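Owing to the predicted nature of the structure, the values given are computational and were not obtained by experimental measurement.
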Amino acid sequence: MPQAAPKKDTAQVTLILAPMEGLLDHGLRELLTRAGGVDRCVSEFIRITDQLLPTRSFTRVVPELLRGGRTRAGVPVRPQLLGSDPACLADNAARLAELAPPGIDLNFGCPAKTVNRHRGGAVLLDEPELVHAIVAAVRRAVPAHVPVSAKMRLGYEDDSRLLDCARAIESAGASELTVHARTKAQGYKPPAYWESIARVRQAVRLPMVANGDIWSVADAQRCRAVTGCTTLMMGRGMVRRPGLALAIAQADAAAGAHSANHGAPSSDTDPAVQALPWRRIEALLVDFWADVSARVERRHRAGRLKLWLNYLRHAYPEAQQAFDVLRLVNDADAIGAWLLSIQERLAQDSRAPEADFVL
């Protein structure tokens, strides 16, 4: 007999796009939310130390704040703050709230050594009392209608204070908690311990978001089954497969309609690739390069494009071919010419009957 699919919660899935420093910033957010399936985004962290930041410090990282806190596709973006001083975080959160963000997120999960060394991110998980003080101060500082959420890992070196931190965040008045299912010490090494997220769900009543190792539609379904969460956050999985959120949403809709195959495609094609085939990725690459060329230093532009191609080649053979072509090319003009040829071909295809590459 065929193995039964994981039991799935009947509630509709909500999908959140995570940030990735140096790649998945507001430029790539625009493209990935245009692809479809994403319900909300969280920005890269804005570091708060001992100063009240000017408004431009928030809008530089989250330019969506200048147009109602949403990407051009209409997806809300929640700015994220990182720091360890409750009073200073509260003051900055109050100023950020003046820009009418869709919410404010607090970072207790960043594993970067430099950040942790300066008492930011995951290192704070060794101090549940301070975590509580930060969340409580920010919650008091912003209007009640502005959601204040938090993201944490399972712990710093270990998960011995996992439930203490989760309860601290809940009792401080947070509206939602995202848990990346690894400790700081575990970094991004597989596996993600989704069972630990289920433990947190049993200990607190907060709405929960599961994060970690969601690379495919099947992963999303298993994560929901294990954690009980109907809200999932994805970062690297979306960079590899820009159609992943759309494929998950489509599978979820099919399952909700009692599809016999739980939304799985009839072919062996990766559902995320099927949802966003290579010809559509090419259109995204053209726009990605235009954005990078407009705001990134010339000497860093080639690296940005190759970094994304390096992720894409996990799912798309064509990305591997493109990466091989550009591997040793660092001249921005040469890469621009290569992408111009793609743009011209896409424009020609768009004039052909039954064209289907425009997002």
Side-chain angles (χ1 to χ4, degrees), residues 14-48 52-83 89 91-107 109-110 138 141-151 174-176 178 209 211 231-239 242-246 249 276 283-296 301 304 307-308 359:
T14 299
L15 302 171
I16 303 177
L17 181 64
M20 289 174 59
E21 191 68 30
L23 178 60
L24 210 176
D25 58 7
H26 61 86
L28 192 49
R29 274 200 299 273
E30 285 292 330
L31 301 181
L32 296 183
T33 55
R34 186 204 307 175
V38 176
D39 297 296
R40 193 201 315 160
C41 304
V42 176
S43 80
E44 318 95 287
F45 67 75
I46 300 165
R47 181 66 190 265
I48 306 299
L52 180 60
L53 298 179
T55 297
R56 65 179 179 275
S57 294
F58 302 116
T59 57
R60 183 175 60 247
V61 177
V62 193
E64 295 94 340
L65 291 167
L66 299 174
R67 51 175 182 272
R70 294 174 179 268
T71 68
R72 289 182 177 85
V75 178
V77 181
R78 189 170 293 189
Q80 186 181 79
L81 303 181
L82 176 146
L89 279 161
D91 289 343
N92 278 277
R95 174 161 288 180
L96 174 57
E98 294 172 358
L99 299 173
I104 296 174
D105 194 63
L106 298 171
N107 184 316
C110 180
V138 170
V142 303
H145 69 271
V146 178
V148 175
S149 55
K151 183 180 181 185
S175 60
E176 182 182 79
T178 299
V209 182
N211 175 227
T231 304
L232 309 177
M233 177 180 282
M234 301 171 293
R236 293 176 298 157
M238 280 289 294
V239 174
L244 179 57
L246 182 58
L276 211 67
L284 294 180
L285 286 170
V286 169
D287 289 346
F288 179 76
W289 181 252
D291 174 71
V292 165
S293 297
R295 62 186 180 86
V296 175
R301 293 173 191 171
R304 278 289 187 100
L307 179 57
W308 192 18
L359 290 171

| Are side-chain heavy atoms of Leu24 and Leu17 found at a separation under 4.5 Å? | yes

| pair Leu232-Ile16: side-chain heavy atoms closer than 4.5 Å | no

| said: Could you check whether any side-chain heavy atom of Met20 comes within less than 4.5 Å of a side-chain heavy atom of Met238, counting everything from C-beta outward? | reply: no

| Heavy-atom closest contact (Thr33 atom, Cys41 atom, distance) | CG2-SG, 3.5 Å

| query | Say you draw a straight line from CZ of Phe58 to CD1 of Ile46; how long is it, rounded to the nearest 0.5 Å? | reply | 6.0 Å

| Ignoring hydrogens and geometry, is there a side-chain-to-backbone donor-acceptor pair from Arg72 to Glu64 under 3.5 Å? | no

| task | Mark yes or no for whether Trp308, through its side chain, and Val239, through its backbone, hold a donor-acceptor pair below 3.5 Å. | result | yes

| Can you name the closest pair of heavy atoms from Pro242 and Leu284 and give their distance? | CB-CD1, 4.3 Å

| What's the shortest heavy-atom distance between Pro101 and Pro79, and which atoms? | CB-CD, 3.8 Å

| field | From CD1 (Ile48) to CG (Leu82), nearest 0.5 Å | value | 8.5 Å

| Taking atom CZ of Arg29 and atom CG of Leu31, what is their separation to the nearest 0.5 Å? | 11.5 Å

| query | Is the number of heavy atoms from other residues, nucleotides or ligands within 6.0 Å of CZ (Arg56) greater than 12? | reply | no

| Gap between atom OG1 of Thr231 and atom CG of Asn211 - 0.5 Å precision | 12.0 Å

| Got a donor-acceptor contact below 3.5 angstrom from the Asn107 side chain to the Gln80 backbone? | no

| request: Taking the side chain as every heavy atom from C-beta outward, state whether Leu65 and Leu96 have any pair of such atoms under 4.5 Å apart. | output: yes

| Restricting to pairs with a member in residues 92-105, which pass salt bridge (charged side-chain N to carboxylate O under 4.0 Å, His left out), not counting sequence neighbours? | none

| field | pair Asp291-Glu30: side-chain heavy atoms closer than 4.5 Å | value | no

| said: Measuring from atom CG of Leu276 to atom CG of Leu244, what distance do you get when rounded to the nearest 0.5 angstrom? | reply: 10.5 Å

| said: Within this structure, what is the CG-CZ distance for the pair Asp25 and Arg295, rounded to the nearest 0.5 Å? | reply: 4.0 Å

| query | Which atoms form the tightest heavy-atom contact between Phe288 and Leu23, and what is the distance? | reply | CZ-CD1, 4.1 Å

| task | Determine whether Cys110 and Phe45 make a side-chain contact, defined as any pair of heavy atoms from C-beta on separated by less than 4.5 Å. | result | yes

| query | Can you check whether Leu81 reaches Val138 side chain to side chain, under 4.5 Å on heavy atoms? | reply | no

| task | Would you name the heavy atoms of Val77 and Thr71 that are closest together and state the gap between them? | result | CG2-CG2, 3.7 Å

| query | Val61 and His26: which non-hydrogen atoms are nearest, and at how many Å? | reply | O-CD2, 4.0 Å

| query | Excluding sequence neighbours, so at least two apart, what forms side chain to side chain donor-acceptor pair (under 3.5 Å) with Asp287? | reply | Arg34

| query | Is there a side-chain contact between Arg78 and Ser149 (heavy atoms, below 4.5 Å)? | reply | yes

